[in-house]
Amino acid sequence: MLTLADVSKSYGTRTLFSDVSLFVARTDRYGLVGPNGAGKTTLFNLILGEETADSGTIEWERSADFGYLPQESAPVGDETILHIATSGKKLMPENDDDYDIDYTLEPRAKKILAGLGFREEDHLRLAKSFSGGWVMRAHLARLLVGEPALLLLDEPTNHLDLEALLWFQDYLIRYPGGLVLISHDREFLNSLCTGILELRGGTLNRYTGNYDDYLAEKDARKEQQAARFKNQQREIAHLQKFVDRFGAKASMASRAKSKEKQIERLEAVAVDEPEDDLKKINFRFPQPPRSGLKVVKLANVHQAYGTHVVYRDMNFEAERGQKIVLVGPNGSGKSTLLKILADQVPIQGGTRALGSNVVPGYFAQNRADNLKTHLTVFENVMELRTNENQLTEQQARAVLGGFLFRKDDVHKKVSVLSGGEKSRLALARLLVNPPNLLLMDEPTTHLDIPSIDALIHALKQYEGTFIFISHDVYFIRQLALNVLHVHSGRLTPYAGNYDYYLDKSQAGSARAALTAGFTEARPVQERNGNVATSPAKSKPSSNDLKKLRIEVGKLEQRVSELETKQNELTAQLEAPETYEHGGTPMHLNRELSATVDQLQLAAAAWEAAATKLSELEKI
């Protein structure tokens, strides 16, 4: 579909990349990775024709269409969410001669909007009444509804919560077109990509496989390059030693000259010494003051938003040195629990008690909540100066330098910073007065992969108590020593790491387990100020049990049939001959999408019936 040949791009004296060549076929699924500032978004802009290359050619196949999702969306006017998702196309004929209407467009758009988290009542609301993140979801829906032959996605998961991300990932796995995406989410890249394109040091390198395969192959290439470099340098040094020793002797002059030419030929084709990743954050948490053994305790906490009860009589306790990840469905109260622990919201009932010498620090999901947006980067750090830390300007610059804020960067207003820069600045502020109770909500959002690795390394050395929420499975596996499952107002602790939780909870995939919880994720709600109570359970009749067993059996059979159909459709989409007939892949993809939706509903119904049967059999 797309061919780049010897493409180069510079800004002034700075060369972003040179002689970049790439071929993208219809079935290719590439992840585009590289350090911040390497030129990934610029490469997208060249492909889209929004910028012009200094040299080289970019050619599209004549019949190929593409869809592009930028990191940030343009301002919206008076269009509705549904209007954006359907690209403003007509959904109903305007007169009797108006035949060019796609009647599948609106149902497809509504289905995709639902997958991305929109409620039905949101469809006709004006887009400008939503936050920027939700507008981005509407534009993402527009791309998916259009089903272009190639999707170009720049950080598409930044504005998605975990459930929407899981839906989106599953949708892209079944998507029949090509894909090139920029992402810092390892799990996302591993699930979707069959190749990785690394833009680094002005060159584009192609690797086969997903992100983990890329890391392994990259290490192997680096070792080979280092070995070749070492061997070449050893040979050059050996030849140079001969030249230095005998170059001045008349009897050996011709041989020395020959050796010099040999050195020149070796240097002309010599490989470069492997470079380490450039421009990555480099820091470690100063060890905080030691707290008492009991760090924080919540007792009989009640929390509600209006009539929506989040917690009732909730109890929780954390001890010094624990590293706890909070998991559970959206709406179950994970962020609320973190805010209660951080004293960011007043509790409506019960008590919150900190242990001796405990200093909490809160890292909000919305980074602006941690920052003074009207101040500069430097001022945001210097305002934390106290009589105790005696922070100097030089120390503040050193901290900011570790997070890539150097020279004039420190004088930028926070309001103009990118999402990644705000995340780095919020982390830098934590270092000035390090807490011994660290509470972080989605700390990896907007950070690139090298920065996430640096954060993991720093948190592994951190000796305080760490409680966090994350949808990054890699981050969780590296750090969590305990798991706390939050669901229906109940907290279920697992005294082990994330793999222990997966084993004990018998959850599905590692990522799906982050939102595990198969019923409505909230406590019993209040009605007219009273708590709704369940009637006392009576022993079921044998006839009722028999009917329920038959229902469970039928639902299990339905699930089995749909799984078989799903496997058959997937096999057809993977077969090369499927793509020899126009329209067939798209038809199969829609049928597969419908089958997966039916399977999810059937599986949920079977699970609910099987759970009910199990409970009744215990009475």
Side-chain angles (χ1 to χ4, degrees), residues 65-92 101-177 179 181 183 185 188 191-192 329-331 445 471 511-512 515 520-521 586-587 589-604:
D65 61 336
F66 65 89
Y68 172 57
L69 184 77
Q71 284 193 38
E72 304 293 339
S73 63
V76 292
D78 293 328
E79 59 265 52
T80 65
I81 291 294
L82 184 61
H83 187 270
I84 291 177
T86 56
S87 304
K89 295 178 182 177
K90 288 187 292 183
L91 303 179
M92 296 295 292
I101 300 293
D102 181 359
Y103 288 98
T104 69
L105 186 65
E106 184 174 357
R108 289 205 318 274
K110 289 182 175 180
K111 177 181 173 183
I112 290 170
L113 286 171
L116 292 173
F118 288 97
R119 299 167 299 181
E120 190 171 353
E121 56 265 33
D122 295 332
H123 295 170
L124 298 181
R125 284 178 57 191
L126 294 179
K128 62 185 179 184
S129 68
F130 289 81
S131 68
W134 283 96
V135 173
M136 287 297 294
R137 294 193 195 200
H139 282 289
L140 180 55
R142 170 181 55 80
L143 291 189
L144 300 181
V145 170
E147 293 185 333
L150 177 65
L151 286 173
L152 299 168
L153 306 175
D154 194 348
E155 293 291 353
T157 64
N158 274 352
H159 302 285
L160 301 181
D161 58 39
L162 189 55
E163 289 185 351
L165 188 153
L166 287 168
W167 178 90
F168 180 48
Q169 180 176 298
D170 184 60
Y171 189 94
L172 288 182
I173 287 172
R174 307 191 312 271
Y175 192 78
L179 177 67
L181 68 97
S183 178
D185 188 321
F188 197 65
S191 298
L192 294 171
N330 286 342
T445 301
H471 65 241
R511 188 158 226 165
T515 55
E520 178 66 14
M586 205 70 72
H587 170 75
N589 181 63
R590 289 175 183 165
E591 188 177 357
L592 178 58
S593 180
T595 301
V596 170
D597 291 341
Q598 294 170 22
L599 177 57
Q600 289 175 343
L601 291 172

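Heads up: numbering here begins at 1 and tracks the sequence.
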task = Taking the side chain as every heavy atom from C-beta outward, state whether L153 and L179 have any pair of such atoms under 4.5 Å apart.
result = yes
key: Side-chain donor/acceptor of R108 to backbone N/O of V145, under 3.5 Å   = yes
query = Would you say D185 and H471 make side-chain contact, with heavy atoms under 4.5 Å?
reply = yes
ask   = Within a strict 4.5 Å, meaning less than it, do heavy atoms of the F118 and K110 side chains meet?
value = no
inquiry  = In the structure I gave you, are the side-chain heavy atoms of D154 and L69 within less than 4.5 Å of one another anywhere?
reply    = no
task = Can you see which heavy atom on P148 is nearest to which on Y175, and at what distance?
result = O-OH, 2.5 Å
message = Working to the nearest 0.5 angstrom, can you tell me the gap between F130 CZ and D122 CG?
response = 4.0 Å
query = Do you know the tightest heavy-atom contact between D65 and A149?
reply = OD1-N, 2.9 Å
task = Give, for atom CG of L144 and atom CG of L113, the distance between the pair rounded to the nearest 0.5 Å.
result = 9.5 Å
note = d(L143 CG, F66 CZ) to nearest 0.5 Å is 10.5 Å
inquiry  = Can you confirm whether F188 sits close enough to L172 that some side-chain heavy atom of one is under 4.5 Å from a side-chain heavy atom of the other?
reply    = yes
ask   = Can you tell me how far NE2 of H83 sits from CG of L124, rounded to the nearest 0.5 angstrom?
value = 11.5 Å
ask   = If we only count heavy atoms from C-beta on, is the W167 to L160 side-chain gap below 4.5 Å?
value = no
query = What is the minimum heavy-atom distance between S183 and T157, and which atoms define it?
reply = OG-OG1, 4.4 Å
key: Close side-chain approach of T80 and H123, heavy atoms under 4.5 Å   = no
note = Note: P70 and M136 closest approach over all heavy atoms is O-CE, 2.9 Å
note = All heavy atoms of R137 vs all of A164, minimum pair found to be NH1-CB, 3.7 Å
message = Is any side-chain heavy atom of R119 closer than 4.5 Å to one of R125?
response = yes
key: Over 12 non-hydrogen atoms of neighbours within 6.0 angstrom of CD in E121   = yes
remark   = Here the gap from L165 atom CG to D170 atom CG, rounded to the nearest 0.5 Å, amounts to 11.5 Å
note = Taking every heavy atom of T86 against every heavy atom of A109, the minimum-distance pair comes out as CG2-CB, 3.6 Å
